[in-house]
Amino acid sequence: MKYEIGIRIRKYRELRGLSQKELADLIGVSNSRVSNWEQGINRPNADIISDLCRALDVSPSELLDIQISTDNLNEQERKLVSAYRSRPELQEAVNILLGIND
């Protein structure tokens with residue numbers, strides 16, 4: 001069985017201009033593990049996904065190719081999400097106000 005996540009790991013790694021070794025060093029694994037993921041031989045475990053997302057600067061939904069449905073959002077919530085995404089300079093302030101900052 002070939003794992004599809006490897007294609008996305010390679011894509012985002014290359015977009016960041018990282019070698020397999022550089023990515024491996026960033027997340028504390030061997031470059032052969034990164035190579036195996038990218039070849040679809042195996043896949044990263046759940047514990048390493050957050051490290052990969054940070055190193056590749058992608059969201060978990062992008063890395064895992066999960067489409068989050070907005071069907072359950074009302075129109076006002078959709079507008080808020082859209083406004084939040086379009087104003088990155090305000091996101092930190094909004095996060096602080098909502099108590100969701102890291």
Would you list the atom pairs, donor with acceptor, under 3.5 Å between side chains in residues 19-28 and any protein atom, with sequence neighbours excluded?
from	atom 1	to	atom 2	distance (Å)
Ser19	OG	Lys21	N	3.4
Ser19	OG	Glu22	N	3.0
Ser19	OG	Glu22	OE1	3.4
Gln20	NE2	Glu38	OE1	2.8
Lys21	NZ	Asp25	OD1	3.3
Lys21	NZ	Asp25	OD2	3.3
Glu22	OE1	Ser19	N	2.7

By side chain to side chain contact (heavy atoms under 4.5 Å, CB included) - contacts of Ser32 (at least two apart): Ser30
Residues forming a side chain to side chain contact (heavy atoms under 4.5 Å, CB included) with Glu75, sequence neighbours excluded: Arg78, Lys79
Side chain to side chain donor-acceptor pair (under 3.5 Å) involving Arg16 - partner list, sequence neighbours excluded: none
Pair Trp37-Val29, side chain to side chain contact (heavy atoms under 4.5 Å, CB included): steps then yes or no: CA-CA 12 Å; Trp37 296 337; Val29 299; 4.1 Å; yes
Partner set under side chain to side chain donor-acceptor pair (under 3.5 Å) for Asp65, not counting sequence neighbours: Gln67
Nearest heavy atoms of Arg33 and Asn42, plus distance in Å: O-OD1, 4.5 Å
Flag, side chain of Asn45 to backbone of Ile48, donor-acceptor distance under 3.5 Å: yes
Ile66-Val58 co-clustered via ILVMFWY side chain contacts under 4.5 Å: yes
Transitive ILVMFWY side-chain link Leu15 to Ile7, under 4.5 Å: no
Partners meeting side chain to side chain donor-acceptor pair (under 3.5 Å) with Glu62 (sequence neighbours left out): Ser59
Residues which pass side chain to side chain contact (heavy atoms under 4.5 Å, CB included) with Leu90, listed by chain and number, not counting sequence neighbours: Arg87
Side-chain heavy atoms of Ser35 within contact of Ile41, under 4.5 Å: no
Salt bridge (charged side-chain N to carboxylate O under 4.0 Å, His left out) partners for Arg54, two or more places apart: Asp51
Arg8: partners by salt bridge (charged side-chain N to carboxylate O under 4.0 Å, His left out), with sequence neighbours left out: none
Residues which pass side chain to side chain donor-acceptor pair (under 3.5 Å) with Gln76, listed by chain and number, not counting sequence neighbours: none
With sequence neighbours excluded, residues passing side chain to side chain contact (heavy atoms under 4.5 Å, CB included) with Glu14: Arg10
From CG (Leu63) to CD1 (Ile5), nearest 0.5 Å: 4.0 Å
